[in-house]
Asker: 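Sharing a structure with you now.
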Amino acid sequence: MSTEEHHHHDESYAELRTKALESLLVEKGLIATNAIDDVVRTYEQDIGPMNGAKVVAKAWTDQEYKKRLLEEGTSAIAEVGFTGAQGAQIVVLENTDDIHNMVVCTLCSCYPWPVLGLPPSWYKSEAYRSRAVVEPRAVLQDFGLELDPAINVRVWDSNSEIRYMVLPQRPAGTDGMTEEELIPLVNRDSMIGVAVVEPPTQKS
Amino acid sequence: MSTEEHHHHDESYAELRTKALESLLVEKGLIATNAIDDVVRTYEQDIGPMNGAKVVAKAWTDQEYKKRLLEEGTSAIAEVGFTGAQGAQIVVLENTDDIHNMVVCTLCSCYPWPVLGLPPSWYKSEAYRSRAVVEPRAVLQDFGLELDPAINVRVWDSNSEIRYMVLPQRPAGTDGMTEEELIPLVNRDSMIGVAVVEPPTQKS
Amino acid sequence: MNGIHDMGGMHGFGKVHHEDDEPVFHETWEGRVMGIRRSLVKHDIYKPYNFRFSVESLSPPEYLSASYYERHLKATENAAITKGLITREEMDERMEYFRRNPDALPARREDPKESEQIQQITFMLQPLNRDTGGNPAFHFGDMVRARNINPLGHTRLPRYIRGKTGTVVKYYGNHDFPDIDMDGKTSPPQPIYSVQFDAAELWGTSAEENQLLFIDMWEGYIEPA
Amino acid sequence: MNGIHDMGGMHGFGKVHHEDDEPVFHETWEGRVMGIRRSLVKHDIYKPYNFRFSVESLSPPEYLSASYYERHLKATENAAITKGLITREEMDERMEYFRRNPDALPARREDPKESEQIQQITFMLQPLNRDTGGNPAFHFGDMVRARNINPLGHTRLPRYIRGKTGTVVKYYGNHDFPDIDMDGKTSPPQPIYSVQFDAAELWGTSAEENQLLFIDMWEGYIEPA
């Protein structure tokens, strides 16, 4: 049996079980269908890396805000309007010319949901969870990111309820850009620390 | 899909792959069918725990032999006629009133083949390999063996090419018995250290 | 517990595969699992154990063969059954029903007020800091050694950190202590610190050059080095 | 490598199940795998890596979902392909043939002399002691600490021993050093010792009372404590 067949089989099995579980709990009056619908819609549409991108762009263009963000991430992020589950305490880590931060959760897949949404598959993968702490540079190479040996790599294992988010470096050639213009440049992976933000010229 | 179905599926898949591998290697003249037959027959009929039982019964009835066995297990076992693969160096561990030895291989399933044959399923199981080193008394309880807290439990992790075999205690009530009569009392598990040898009265 | 979930530093899982333009949920059922799990918070079904321990308690082959949402589904189902909200028999019957009626859908129950409550959980800021737990015993720059604990219950002290020496870099306040023993016993809040470890301390000569590892250590996880 | 095979001290695998009157081989194919593996020894297919490393290199889900003989089958097949004795395509074709012809059997080739050679391997005493490797640096009663190594290649120093302090109880002579790095590089023979560890040193307060652990340490695995 190929892995693909197996996966397919398990997928439909999981779908069946989910239906069974939802239907039982709904009929017993323990959960409401529209509440589930709303959770799904919220994470599909309202909570995602665009939140974090707003925080990053604001920090890039407002020195006072950046200072607050690095000192007290949670409240600075709440200023921009982002709070909630898996974001009770958020610590923001600044990448510089000399320091590259990256975030992992080896025990689970903890991730700062209010600013980044739900974690991508690779973040939840065994490969990332097992390797990020022991061979971070090799992992970054899987993402196409080759770091200068002089850069200090700092890996943050999110084992507590504190959540970590990376403040990536503002790319060259963006001096004249406004906060609004910078937002779309900020990709999710740069806020986890497995990518950098590319200058706008390379985006087109 | 139940575990059983999955297992069944994999079993027949493994059978197919084995057939394919054997047929290719035989046709290329790299292996001989009768050589495989002979290996199978040898481990099914000629090499097994009855070998170790002979060694144990001899040690129980011959103090000089017991001394040699505990000092130089390999040669003392060779005296009785047992040598071969996975038995290049065999160390024999004596269980006493105060010391209970048990053998595991956490990294693999290393086992003294010339004296005990091929390892049983439980010895190869993840449960035994993972737990024997950290909670040996709890593991012994799975075998129905409750050790006095005063007994020192010594676990031997067979990580090298050296192989370990336990010399169990001779049970009470066997004083008048000959070496030949003692052999059938010695069970495999007692030579791995997860059982004791029961007196003959309890065997009927 | 020293479960398969504690995989920091393991080899053999291959390369990290990045999926471009990945959807939030790859399958509809994954979103439903997320919503069910969130909705069940108010029924307190993860006590005395927690959701994490329920996921960790899947056997290693089960854990590794399941996806993230499959694990959450199994853990949620197990917790709901343990808590007596549903029975295993009901699940079996209902599975059989949906198997025979592939186009059938779960009944709907609308409750605007309940959705409002759930959305509050999604967006509410619930600070972690606790007033209890005492003053921090360690301070910036203190050398500390992670204790060698190997509990059967839930812990947040991963195996690759145990016994290793690092430096306290920040005191974060006092947080609830997450460890839960096999009797469901919990402990009071404790100071929690960010502790920095040199990669060479963690991995010896196999460490990459110029790397640090930061991890959060509750006070009970560390001792003076 | 820090693979799933290195499972000493892991939790979550459940109870040990004892099967009464267990057959030597539960299935015919298991015996064939054993015989094929033994027969291939003379073709040296496990160099520069060894059979063990080939088994360990199965991905963790593959390792855990496979039985002992399934792992051996996969490792043997992979080694035979890597060594160029057979090709992946030949295997695929042959699988297809046996799938379509479930009653077909592999061709037979009889060779009494070859069987004799193989039986010699089965029964031959091949001492482990080597003349080279130098004099032992450690002696009975010496306190030693296991090194913290985390190689990607093959090693016999399990994770639960690394960094722990024990006592040398016996010098066994000099044996071939089993570690093989990712380039297939091996090292000369080394002294090997039986080293005793107190369970509390290994597992802290989670250790059972009154337990010792003995493990074989090549000299390169330990340093003075």
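In what follows, every chain begins at residue 1, and chains take the letters A, B, ... in the order their sequences are listed.
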Asker: Atom NE2 in His5(D), atom SG in Cys108(B): separation rounded to 0.5 Å?
Answerer: 8.5 Å
Asker: Show your working on side chain to side chain contact (heavy atoms under 4.5 Å, CB included) between Leu118(B) and Met34(D) and close with a plain yes or no.
Answerer: CA-CA 10 Å; Leu118(B) 298 178; Met34(D) 176 79 200; 4.0 Å; yes
Asker: Tell me, side chain or backbone of His17(D) under 4.5 Å from chain B's heavy atoms, or both, or neither?
Answerer: backbone
Asker: For Thr42(B) and Gln119(D), which heavy atoms make the closest approach, and how far apart are they?
Answerer: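 Scanning both residues, the minimum pair turns out to be OG1-NE2, 2.9 Å.
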Asker: State, without any angle test, whether Asn159(B) and Tyr221(D) hold a side-chain donor-acceptor pair at a distance under 3.5 Å.
Answerer: no
Asker: Checking Val26(B) against chain D: side chain, backbone, both or neither under 4.5 Å from a heavy atom?
Answerer: both
Asker: May I ask you to name which of Glu56(D), Gln117(D), Met124(D) has the most heavy-atom pairs under 4.5 Å with chain B?
Answerer: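 Counting heavy-atom pairs under 4.5 Å, the top option is Met124(D).
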Asker: Side chain from CB out, backbone as N, CA, C, O: work out which of these in Thr87(D) comes under 4.5 Å of a heavy atom of chain B, or both, or neither.
Answerer: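 For Thr87(D), there is no contact with chain B at all, as no heavy atom is under 4.5 Å.
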Asker: To the closest 0.5 Å, what do you measure between CD (Gln89(B)) and CD (Gln126(D))?
Answerer: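 The CD atom of Gln126(D) is 13.0 Å from CD of Gln89(B), to the nearest 0.5 Å.
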Asker: If the threshold is 4.0 Å, N to carboxylate O, is there a salt bridge linking Glu77(D) and Lys19(B)?
Answerer: no
Asker: Where does Pro136(B) contact chain D at under 4.5 Å (heavy atoms): side chain, backbone, both or neither?
Answerer: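 Interface part for Pro136(B): both.
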Asker: Go through the structure and list residues passing salt bridge (charged side-chain N to carboxylate O under 4.0 Å, His left out) with Asp97(B), not counting sequence neighbours.
Answerer: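 Asp97(B): no salt bridge (charged side-chain N to carboxylate O under 4.0 Å, His left out) contacts found.
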Asker: Between Arg131(B), Arg188(B), Arg41(B), which has the largest tally of heavy atom pairs under 4.5 Å with chain D?
Answerer: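 Highest number of pairs under 4.5 Å: Arg131(B).
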Asker: Regarding Ser23(B) and Arg94(D), do their side chains bring together a donor and an acceptor under 3.5 Å, going by distance alone?
Answerer: yes
Asker: Between Arg99(D) and Tyr13(B), does any side-chain donor sit less than 3.5 Å from a side-chain acceptor?
Answerer: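 Looking only at side-chain atoms, Tyr13(B) and Arg99(D) do not form any donor-acceptor pair under 3.5 Å.
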Asker: Pair Leu30(B), Leu85(D) - check side chain to side chain contact (heavy atoms under 4.5 Å, CB included), show working.
Answerer: CA-CA 8 Å; Leu30(B) 296 165; Leu85(D) 299 189; 4.0 Å; yes
Asker: When heavy-atom pairs shorter than 4.5 Å are enumerated against chain D, which of Pro120(B), Gly87(B), Pro149(B) gives the highest number?
Answerer: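 Heavy-atom pair counts peak at Pro120(B).
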Asker: Would Glu110(D) and Thr33(B) count as having a side-chain donor-acceptor pair, cut-off 3.5 Å?
Answerer: no
Asker: Out of Ser158(B), Ala85(B), Ala78(B), Ala150(B), which one racks up the most heavy-atom pairs below 4.5 Å with chain D?
Answerer: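 Highest number of heavy-atom pairs under 4.5 Å: Ala85(B).
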Asker: Can you list the steps and then say if Arg154(B) with Leu213(D) is a side chain to side chain contact (heavy atoms under 4.5 Å, CB included)?
Answerer: CA-CA 6 Å; Arg154(B) 302 186 167 189; Leu213(D) 186 287; over 6 Å; no
Asker: In terms of heavy-atom proximity below 4.5 Å to chain D, should Phe143(B) be classed as side chain, backbone, both, or neither?
Answerer: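 Answer is side chain: those atoms of Phe143(B) sit under 4.5 Å from chain D.
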Asker: Which residues in residues 44-55 of chain B have a heavy atom less than 4.5 Å from any heavy atom of chain D?
Answerer: Glu44(B), Ile47(B)
Asker: Can you tell me which of Ile192(D), Thr28(D), Leu40(D), Thr76(D) forms the most heavy-atom pairs within a distance under 4.5 Å of chain B?
Answerer: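 Ranked by heavy-atom pairs under 4.5 Å with chain B, first place is Leu40(D).
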Asker: Sort Leu21(B) into side chain, backbone, both or neither according to what part of it lies under 4.5 angstrom from a heavy atom of chain D.
Answerer: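 Contact with chain D involves both backbone and side-chain atoms of Leu21(B).
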Asker: For Val134(B) and Gln211(D), which heavy atoms make the closest approach, and how far apart are they?
Answerer: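 Where Val134(B) meets Gln211(D) most closely, the heavy atoms are O-OE1, 4.3 Å.
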Asker: Are Glu90(D) and Lys28(B) ion-paired here, with the side-chain N under 4.0 Å from a carboxylate O?
Answerer: yes
Asker: Can you tell me if Arg109(D) uses its side chain to pair, donor with acceptor, with the backbone of Glu27(B) under 3.5 Å?
Answerer: no
Asker: Looking only at non-hydrogen atoms, find the nearest pair between Arg52(D) and Leu107(B) and report the distance.
Answerer: NH2-CB, 3.8 Å
Asker: Which one wins on heavy-atom pair count under 4.5 Å against chain B: Pro178(D), Gly31(D), Pro158(D)?
Answerer: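 The residue among Pro178(D), Gly31(D), Pro158(D) with the greatest pair count is Pro158(D).
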Asker: What is the distance from atom OH of Tyr68(D) to atom OG of Ser109(B), rounded to the nearest 0.5 Å?
Answerer: 5.5 Å
Asker: Do Asp37(B) and Arg32(D) meet the salt-bridge criterion of a basic N to acidic O distance under 4.0 Å?
Answerer: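 Looking at Asp37(B) together with Arg32(D), the answer is yes, because their closest N to O distance falls below 4.0 Å.
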Asker: Out of Val40(B), Val155(B), Val194(B), return the one with the most heavy atom pairs under 4.5 angstrom to chain D.
Answerer: Val155(B)
Asker: Examine whether an atom of Tyr123(B) lies under 4.5 Å from a heavy atom of chain D, and if so say whether it belongs to the side chain, the backbone or both; otherwise answer neither.
Answerer: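 Neither part.
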Asker: May I ask you to list the residues in residues 194-204 of chain D that approach chain B closer than 4.5 angstrom, counting heavy atoms only, ordered by number?
Answerer: Ser194(D), Trp203(D)
Asker: When heavy-atom pairs shorter than 4.5 Å are enumerated against chain B, which of Ser206(D), Ser115(D), Ala66(D) gives the highest number?
Answerer: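 Of the options given, most contacts go to Ser115(D).
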Asker: Mind ranking Leu212(D), Val24(D), Leu73(D) by heavy-atom pairs under 4.5 Å with chain B and telling me who comes out on top?
Answerer: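 When all of Leu212(D), Val24(D), Leu73(D) are compared, Leu212(D) has the most.
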Asker: Closest heavy-atom contact between Val16(D) and Asp142(B)?
Answerer: N-OD2, 2.9 Å
Asker: Under a 4.5 Å heavy-atom cut-off, does chain D meet the side chain of Ser160(B), its backbone, both or neither?
Answerer: both
Asker: Return each pair, listed once, that meets ring pair (Phe, Tyr, Trp, His ring centres under 6.0 Å) where at least one residue sits in residues 21-41 of chain B; pairs must be two or more places apart or across chains.
Answerer: none
Asker: Give, as side chain, backbone, both or neither, the part of Phe98(D) having an atom under 4.5 angstrom from any heavy atom of chain B.
Answerer: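 For Phe98(D), backbone and side chain are both near chain B.
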Asker: Have Asp189(B) and His18(D) got a donor and an acceptor in their side chains that come within less than 3.5 Å?
Answerer: yes
Asker: Can you tell me how far apart CD1 (Ile118(D)) and CD1 (Ile31(B)) are? Round to the nearest 0.5 Å.
Answerer: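 Interatomic distance, Ile118(D) CD1 to Ile31(B) CD1, rounded to 0.5 Å: 9.0 Å.
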Asker: Does a salt bridge link Arg156(D) with Glu161(B), judged by any charged N lying under 4.0 Å from a carboxylate O?
Answerer: yes
Asker: If we ignore angles and hydrogens, is there a donor and acceptor under 3.5 Å between the side chains of Glu135(B) and His11(D)?
Answerer: no
Asker: Go through the atoms of Val91(B) and report whether side chain, backbone, both or neither lie under 4.5 Å from a heavy atom of chain D.
Answerer: side chain
Asker: If every non-hydrogen atom of Val133(B) is compared with every non-hydrogen atom of Gly9(D), which pair is closest and at what distance?
Answerer: CG2-N, 3.6 Å
Asker: Measure the CG-CD1 distance between Leu125(D) and Ile77(B) for me, rounded to the nearest 0.5 Å.
Answerer: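 Going from the CG atom of Leu125(D) to the CD1 atom of Ile77(B) covers 10.5 Å.
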Asker: Tell me, side chain or backbone of Pro102(D) under 4.5 Å from chain B's heavy atoms, or both, or neither?
Answerer: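 Interface part for Pro102(D): backbone (N, CA, C, O).
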Asker: Find the distance between CG (Asp111(D)) and CG (Asn34(B)) and round it off to the nearest 0.5 Å.
Answerer: 6.5 Å
Asker: Closest approach of Ala127(B) and Gly14(D), non-hydrogen atoms and distance?
Answerer: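 What the structure gives for the nearest pair is CB-O, 3.5 Å.
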Asker: Using a 4.5 angstrom heavy-atom cutoff, name the option from Trp218(D), Phe123(D), Phe25(D), Tyr69(D) with the most pairs to chain B.
Answerer: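 Top count of heavy-atom pairs under 4.5 Å with chain B: Phe123(D).
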Asker: Could you walk me through whether Met91(D) and Leu24(B) pass the side chain to side chain contact (heavy atoms under 4.5 Å, CB included) check?
Answerer: CA-CA 8 Å; Met91(D) 273 299 288; Leu24(B) 283 171; 3.8 Å; yes
Asker: Identify which part of Lys170(D) has an atom lying under 4.5 Å from any heavy atom of chain B, answering side chain, backbone, both or neither.
Answerer: neither
